[in-house]
Amino acid sequence: VQATKIDYRDLVARGVRVLNSAGAMHMSGHLAVRDAEDPNVLWINSRISSRSTLTAADVLPYDIRAGRRIGAGDEAPSEVHMHSAIFALRPDVNASVHTHPEYCVALSIAGIALQPVFVAAAFLPEIVPTFDDPNLIQTRERGDAVARVLGDGSAVTLRGHGVIVVGGGIDEVVARTVMTEENARLQTIAASLGKPIKVLGAADLAISRPEICSPHWARKHTHYHEEVARTRGVIT
Ligand SMILES: [Zn+2]
């Protein structure tokens, strides 16, 4: 039996719409997915497309080593370098999201590191690293620098700018992106109550990670957001 070929254009378009419906995409965010048949290729929404009505025609293939889109048409987002640098450095990463979620950005502006405080965000490292530079990631060198700060983790915050979240596949990265902002919101609310906050420490993360990093967790969360998007008429 021959496996069905994955339609990456459709996959990315749906993923972006679902993320936007969940409030986690922003007008200039992007979702990149690695091509399973050619690990040097990623698929990403175009620079100019509206993230709210994205279609398969707005998704393009990008050559990671060459650092340019494949074929003619709309260009990749100017900050595609984050995704390409991380995909080059991390063979375990097959999907990544860059977006500008307000609680994550607010914490970075306040100089407070994002930390897992909610058990469903146990995929995050104990202290999420910050790329301490608010300017856009529009060169390969800056993309490499972000990838180095990410290290082997699941997320990095970009001060005064946004986040990049990575996963083993599209389900995982969609679920993680939404949850990263939910965690940031909870951390902000808890910190504003005026007492020292209780974060998930290394021992807690060791207990919770196997469940939170399982494929069924990612599918369940992403399925929930897909169904919310479907009932809103955002996807069919
Ligand atoms: Zn950005």
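Indexing begins at 1, ligand by ligand and atom by atom, following the structure's order.
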With carbon and hydrogen excluded and only N/O/S kept, which atom of [X] is nearest the Zn ion (ligand 1)?
| X | answer |
| --- | --- |
| His98 | NE2 |
| Glu79 | OE1 |
| His100 | NE2 |

Original post:
Linking I/L/V/M/F/W/Y whenever any side-chain heavy atoms sit under 4.5 Å apart, do Leu42 and Val93 land together?
Top reply: yes

**OP:** Answer with yes or no whether the side chains of Thr180 and Asn183 bring together a donor and an acceptor at under 3.5 Å.
**Re:** no

**OP:** Answer with yes or no after comparing the ring centroid distance for His161 and His98 against a 6.0 Å cut-off, counting only values under it.
**Re:** yes

Subject >> Heavy-atom pair with the smallest gap, counting every atom of Arg47 and Ala76 >> reply: CB-O, 3.4 Å

